[in-house]
There are 2 protein chains.
Amino acid sequence: MAASIRDVAEHAGVSVGTVSNVLNRPDVVSAATRERVLDAIAALGFVRNESARQLRAGHSRTIGLVVLDIANPFFTDVARGVEDVANSAGLAVILCNSDDRPEKESAYLDVLAEQRVQGVLITPTAELSPHLQTLRRRGVPVVLVDRRAPGPDQCAVAVDDVLGGRLAAEHLLERGHRRIAFIGGASGLPQVQERHAGIETAVRDATGGDDALVVFSPEQLTVDAGREAAARIVGMPAARRPTAAICANDLMALGVLQEMVRQGVRVPDDFAIVGYDDIDFAASAAVPLTSVRKPRQALGSRAAELLLDEARGGEHAHVQEVVEPTLVVRESSMVFRDREGTP
Amino acid sequence: MAASIRDVAEHAGVSVGTVSNVLNRPDVVSAATRERVLDAIAALGFVRNESARQLRAGHSRTIGLVVLDIANPFFTDVARGVEDVANSAGLAVILCNSDDRPEKESAYLDVLAEQRVQGVLITPTAELSPHLQTLRRRGVPVVLVDRRAPGPDQCAVAVDDVLGGRLAAEHLLERGHRRIAFIGGASGLPQVQERHAGIETAVRDATGGDDALVVFSPEQLTVDAGREAAARIVGMPAARRPTAAICANDLMALGVLQEMVRQGVRVPDDFAIVGYDDIDFAASAAVPLTSVRKPRQALGSRAAELLLDEARGGEHAHVQEVVEPTLVVRESSMVFRDREGTP
DNA sequence: CAGGTCGTCTGAATCGTTTCACAACGGAGG
DNA sequence: CCTCCGTTGTGAAACGATTCAGACGACCTG
């Protein structure tokens, strides 16, 4: 059906080797011949067959990216960072969505192995899949994204989530909150556990105990889960009810915000909310969300750079980067006096 | 490096043909031999080489999906629909983001052609790229998503955006609005133009003229663009200032909402907003957005089904589907009396 | 017992590209 | 005129899986 390099060769009256040279090393072929070959290519509508190239080369010109939740804008921003770097290196990205489910993750890792991707970028589910180990044993570089490496034999670009949790908690504690909810997930993601730990430390430092912290662990880290948690908070007796919440991600924070508003709870006057990730929608919520900012796109591009370096071969020093998040204070956690500038 | 089918054959003491049979037609090989081959596969950690399969097969086991803006949750929802269908057919999806730029789109179409994808799903930029025609001439099925087909020789799953625009406009007109802004894009996307046309019709039917409609055409359909348009609206003299806006998508609507709130304009009491697409974030905005709902995920899955049907070969009747959107009324367009239930 | 059938396995051809050793040619230098 | 060299171009051997015609027994049937 499709024209092959051989058809082009015949049409141009040269050998297949020459056509290949025109394609890959145009300088070694004379201008006249090159012209003829190029004409033939245009005439036949020839398009290189990547499969054949890859077969010969032993590897493909793609990398895999496996994320936890494609519906979370955090990950689309990461993906964009990855894409930019990969594209300028002439690589395509195969984007896979594990939905935080180990089976889906494993299935995708198998697909990527069969595709002979040059490397895999992954924000893994709670447990590191054995398929990841297998991949690495086969010599496929794997870089963890938004997750610390388990050892020094692997690259990772992570965020200091203990610090992130601490920043969020200290911010609320400074504003006088003494009953704070942490709305995290039950999946056991270390990122979330670290945030929890950071919050606990800050709370303990400020109050001398854990009593000020109420933990909610919904199944998933979604907007709906945030809504439900908010409903439960509103239903608590006033004496024990938290006055603020730190959410494990902005999706949940938006859910909390929405439910609070729906129930007539004023944000931030009656209830303060701090999110995590600082996705764009956090700033565009009608009550803009205070959030712990991670460099979303940079996370992706940096991880991709490390992956490409490792894939390029040569000496490669594994790097475990941990970037520090910052707190972006917006209206959702400002008590009224702050807005007015009076003490 | 990696074990090939030949290594497996040697290790198991059989021919390569037999190994291939174990992989593809396990029933034609005796249980004993199958066992031996399976053991060898496990022992060597053999993983099929997709490139070789594809080369032989003449096509890959992937489809391409090209979207206008991966940061827009509308498209991630579409992508999820595509993914579900593709995965259960054993196909992988290569997700490409054109950013509404024809050059990027063309570049990605070239990549997809080289990958010998089984088909391409695309929400194209304003002009249909010649690369699309080329693809189709090469026999690669192309299905348009959220865009009408230019002719009957092609599948498409579109939305009746004239109706969508009309629904949005009638809703506002019924509530008494007589100066309405349409915040669309300058890129010339037919979807947006149709919405515009539907709005114009409704306005003309209700008021007998075009005077009630003010059109804004920002460069892009983003949150920021929405914010800027809102700022311009607020800056207009009260006599000419619209009392409501219909936005070409929810991203812009969220931007408008945010800026209005920031400027102290009450939504919906002082200004009503209607978005388009009904992304999840529309409902979770603190002033929940009225929006024109499109079946986002279904759009993707239906398009993928059509593509697979066409790719499967056999007789395939091209289908141009046009689904009807519905208006989801939420708070952002409810005037106060509506909320209270009084006329 | 010849001939046929069935189940199982083999081996070679094939897909389209890249790569590399080598051939052909022309010109420069001796 | 011969040799040497650089420039171009050739052609065949990979890469790894699939497929298909056919080999080979074993078994059945008339």
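These numbers come from the heavy atoms of this one structure, side chains and all, not from hydrogens, waters or symmetry mates. Within every chain, numbering begins at 1; the chains are lettered A, B, ... in the order of the sequence lines, protein sequences first and strands thereafter.
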| request: Using modelled atom types only, decide if a donor and an acceptor are shared between the side chain of A/Arg296 and the backbone of A/Phe74 within a distance under 3.5 Å. | output: no

| request: Could you tell me the separation between the CZ atom of B/Arg6 and the C1' atom of C/dG11, rounded to a whole number of Å? | output: 12 Å

| remark: From CZ of B/Arg34 across to C1' of C/dC9 the rounded distance in Å is 14 Å

| task | Specify the separation, in whole Å, of atom CG of B/Asn49 and atom C1' of D/dT18. | result | 13 Å

| So, do A/Leu95 and A/Val67 sit near enough that their side-chain heavy atoms are less than 4.5 Å apart? | yes

| request: Answer yes or no: is there an ion pair linking A/Arg80 with A/Glu83, defined by an N-O contact shorter than 4.0 Å? | output: no

| Using rotation axes that map the C1' atoms of four end pairs onto the next four (five pairs an end), what angle separates the end axes of the helix from C/dC1-D/dG30 to C/dG30-D/dC1, to 10°? | 60°

| message | At less than 4.0 Å, is any side-chain N or O atom of B/Thr33 found next to OP1 or OP2 of C/dT8? Yes or no. | response | no

| said: How many whole angstroms separate atom CD of B/Glu10 from atom P of C/dC9? | reply: 18 Å

| task | Begin from the C-alpha positions of B/Ser98 and B/Glu105 and carry the test side chain to side chain donor-acceptor pair (under 3.5 Å) through to its verdict. | result | CA-CA 5 Å; B/Ser98 72; B/Glu105 179 183 283; 4.6 Å; no

| Exam field: side chain A/Asn24 to backbone A/Ser20, donor-acceptor pair closer than 3.5 Å | yes

| task | Could you tell me whether A/Arg101 and A/Asp69 make a salt bridge, using a distance below 4.0 angstrom between a side-chain N and a carboxylate O? | result | no

| message | Nearest whole Å is fine: how far is C/dT17 P from A/Glu50 CD? | response | 10 Å

| field | Contact letters for nucleotides 18-26 of chain C, in which S counts primed atoms plus P, OP1 and OP2 and B counts the base, heavy atoms under 4.0 Å | value | BB-------

| Closest-nucleotide ordering on DNA chain C, the 5'-leading residue of B/Ala32 and B/Arg116 | B/Ala32

| query | Taking atom P of C/dT17 as reference, at what distance in whole Å does atom CD of B/Glu114 sit? | reply | 10 Å

| task | Please tell me if the side chains of B/Phe75 and B/Leu68 come closer than 4.5 Å, counting only heavy atoms from C-beta onward. | result | yes

| said: What I want to find out is whether B/Glu50 reaches A/Arg116 closely enough, with some N-O distance under 4.0 Å, to be called a salt bridge. | reply: no

| task | Whole angstrom is fine here: how far is it from CG in B/Leu44 over to P in D/dG16? | result | 14 Å

| query | Going by distance alone, is a donor N or O of one side chain under 3.5 Å from an acceptor N or O of the other, for A/Asp110 and A/His131? | reply | yes

| field | Spacing between A/Leu55 atom CG and D/dA13 atom C1', to the nearest angstrom | value | 13 Å

